[in-house]
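Reading through the structure tokens given below for one structure.
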Number of protein chains: 2
Amino acid sequence: MNLKELSSYLGLSQTTVSRALNGFPEVSEKTRQRVIEAAKVHGYMPSQSARGLATGKVGAIGHIIPLGNHQMINPHFSDFMAGVGIAYADFGIDIVMKICAQDEELATYRKLVKSNRVDGFVLQGPLVDDPRIDLLQTLGVPFVVHGRSAGATQPYNYLDVDNEGAFERATQFLVDFGHRDIALLNGMENMDFANKRRMGFLTGLQRAAIPARPELMFSQDMSEVYGYEVATKILPLPNPPTAFLCASKLVALGVMRAIADAGLIAGKDISVVTFDDDFGFLGTHAAVPQITCLRSSLYRAGTRVAHMMMAAVDDPLAISTEIWEPELVVGKSTGMKI
Amino acid sequence: MNLKELSSYLGLSQTTVSRALNGFPEVSEKTRQRVIEAAKVHGYMPSQSARGLATGKVGAIGHIIPLGNHQMINPHFSDFMAGVGIAYADFGIDIVMKICAQDEELATYRKLVKSNRVDGFVLQGPLVDDPRIDLLQTLGVPFVVHGRSAGATQPYNYLDVDNEGAFERATQFLVDFGHRDIALLNGMENMDFANKRRMGFLTGLQRAAIPARPELMFSQDMSEVYGYEVATKILPLPNPPTAFLCASKLVALGVMRAIADAGLIAGKDISVVTFDDDFGFLGTHAAVPQITCLRSSLYRAGTRVAHMMMAAVDDPLAISTEIWEPELVVGKSTGMKI
DNA sequence: ACAAACATCCAAAGCGCTTTGGGTGCTTCA
DNA sequence: TGAAGCACCCAAAGCGCTTTGGATGTTTGT
């Protein structure tokens, strides 16, 4: 069933039916109801190809996932995507997802734009100086960044958490408990968020006049194993850390496991603070120790980014930026230095 | 740059340019090269909306992810998707991904079909009796199932691993080592794969004339925590299992952790066998104990399903099915019952 | 040398929608 | 009472591509 068939069935012109369905005022309410009813009965939905051709908007947002940088395989990604996807649904928008080799990433953006497949892009996991932003700006496509990137000359839409402030605050928090030897288990520091967290950490130390100990600072993909291995390695050091600052709950769980293995007790012998993306998937929550954390919901960030994306498509010129302050939740994993 | 502009620039008709680009024979090789060159220089790519309208094929496959059933948040999903996505890229096809509430799943399929957004669907995680198969068959859309579902009346395209055979074999393997008290840590048994594994397990026991012990059989979402908690709970039983059969490496890792916590040694005191989807993301592989497993690559399954999908779109009538036999890899986690 | 076959190209229709630019009949106002 | 305004509807153009059904000139076969 297409527009032509539906309108001839109704004895109306295609114009009127189209307008009735799209909520234009030049149609009497009676006719509109009749049209809507008939459309539902016959299961009519406009062809997106045709509509895309006619309007120039295809009703889809591109999400490009380069393989090999572990983006897709971690829960941070999924949780964010869930938020985005649910929010899109309200707008009748869908995700065009491209999975590509890492060296084809920029070309993939180009292709999607040139072939008019999407109305815009959401960028995830921006690097410290991310070439994608430049590319999309010169291509003139609407986009929203989840996170930020330092090296862009022109303004752009983004939503980020205050990573630097959060890690400075966390450091301060630990310092206040008397800790001076704090290990930093950061994410990959070529990514902007991790870079900012590192800066926040260093600022926090500096404010307390504590010299940084580079041998206690790590940068890796955030996983449980990473936390476990690093903690296992550095806990037996002659001058071991008395506190850990982790970039993700996954990492923190690994650290907790190593602490337990070492016969120590978190919150007593050792303090642990982590950034917590607040995803609700880590099996039973009871199994997760109550780790002191800076919390900000990735899912909610996803829905917000989706809304910003819709706004960006509607008005490509108005740019908007948001920075969220994570919430400090004090758990049982932190305490005075002994 | 669109077709019209490109062809007038070249002094050719749209017909000829279109045919040159799409590899039709009615164009001289010289002209074709000239066209291709010009297209590259000017960055011309055909509008997918227009092409979709003209051909009826939109060059996209739908992947619908209902939220809440934990599909998206586990690595099994990601690994499969990676394979699919990379294979699609070779065909110039992209993924239209819809994330929806669980009770809107079927409606979402309908909508995508009616509005002509996709050329077909890939179904993941089929249930024992999956309503999606029926729906798509009545809608007349090409689709490929990763896995199988029992309750379909008509044939359909699928790729599955021999879950039943694999678990029977694994059970046999443990029985041969003298084990009689084997715990089954299965996935959700409303899903077809888990149901088949359970049947394989029971058949294996039956063949050895060992009565099943329902109190040692579990069915849950596959996670590390699940494995850890169940193992922790049943290891201290008066008549504890001497072997574990797990549905996923994640689960097995949890079991291994519980075994270590209990002061036991896997491969000596306790045997562990697991299904291994062979994903390459579990942090450093060195950290993962060498668990005896039945191995089948999810990534490769993804690429194969993608190819089957393309074939299904080209010829919706020819249906094809494949069942893969997982490989039994003997590791250090299994040994004679003591 | 002439018809038949071929190689190469083109004009125009059509895919299903939105949107422009009216048209028709009815009400309102001076 | 005539003009202006309004409510409601329609015909047709156009979005950018593919594809049908030739047209034109060039070879080939006998």
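A, B, ... follow the sequence lines: proteins, then strands. Residue 1 opens every chain.
Using a 4.0 Å cut-off between a side-chain N of Lys or Arg and a carboxylate O of Asp or Glu, A/Arg148 and A/Asp192 do not qualify as a salt bridge. Using a cutoff of 4.0 Å between basic side-chain nitrogens and carboxylate oxygens, A/Asp119 and A/Lys57 are not scored as salt-bridged. Comment: A/Glu37 does not engage A/Arg34 in a salt bridge, judged by the lack of any side-chain N to carboxylate O separation of less than 4.0 angstrom.
Looking at heavy atoms from C-beta onward, A/Lys114 lies out of side-chain contact with B/Tyr44 at the 4.5 angstrom threshold.
Going from atom CG of B/Leu10 over to atom P of C/dT8 covers 17 Å, rounded to whole Å. For the pair A/Leu12 CG and D/dA7 C1', the computed distance is 15 Å after rounding to whole Å. Spacing between atom CD of B/Glu26 and atom P of C/dC10 amounts to 13 Å, rounded to whole angstrom units.
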- request: Between protein and nucleotides 11-19 of chain D, map the contacts as a letter string: B base, S sugar-phosphate only, - none, heavy atoms under 4.0 Å, written 5' to 3'.
  value: BB-BBBBBB

message: Quick one, A/Phe121 with A/Tyr109, criterion ring pair (Phe, Tyr, Trp, His ring centres under 6.0 Å). Give me CA distance, side-chain angles, the key distance, then yes/no.
response: CA-CA 9 Å; A/Phe121 290 96; A/Tyr109 278 97; 4.8 Å; yes

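What you find for A/Ile323 and A/Val161 is that their closest heavy atoms are CG2-C, 4.1 Å.
End-to-end axis angle of the helix from C/dA1-D/dT30 to C/dA30-D/dT1, using five pairs per end and rounding to 10°, comes to 40°.
Considering only residues two or more places apart in sequence or on other chains, A/Phe193 meets the ring pair (Phe, Tyr, Trp, His ring centres under 6.0 Å) condition with none of them.
Donor-acceptor pairing under 3.5 Å is lacking for the side chains of B/Ser18 and B/Thr15.
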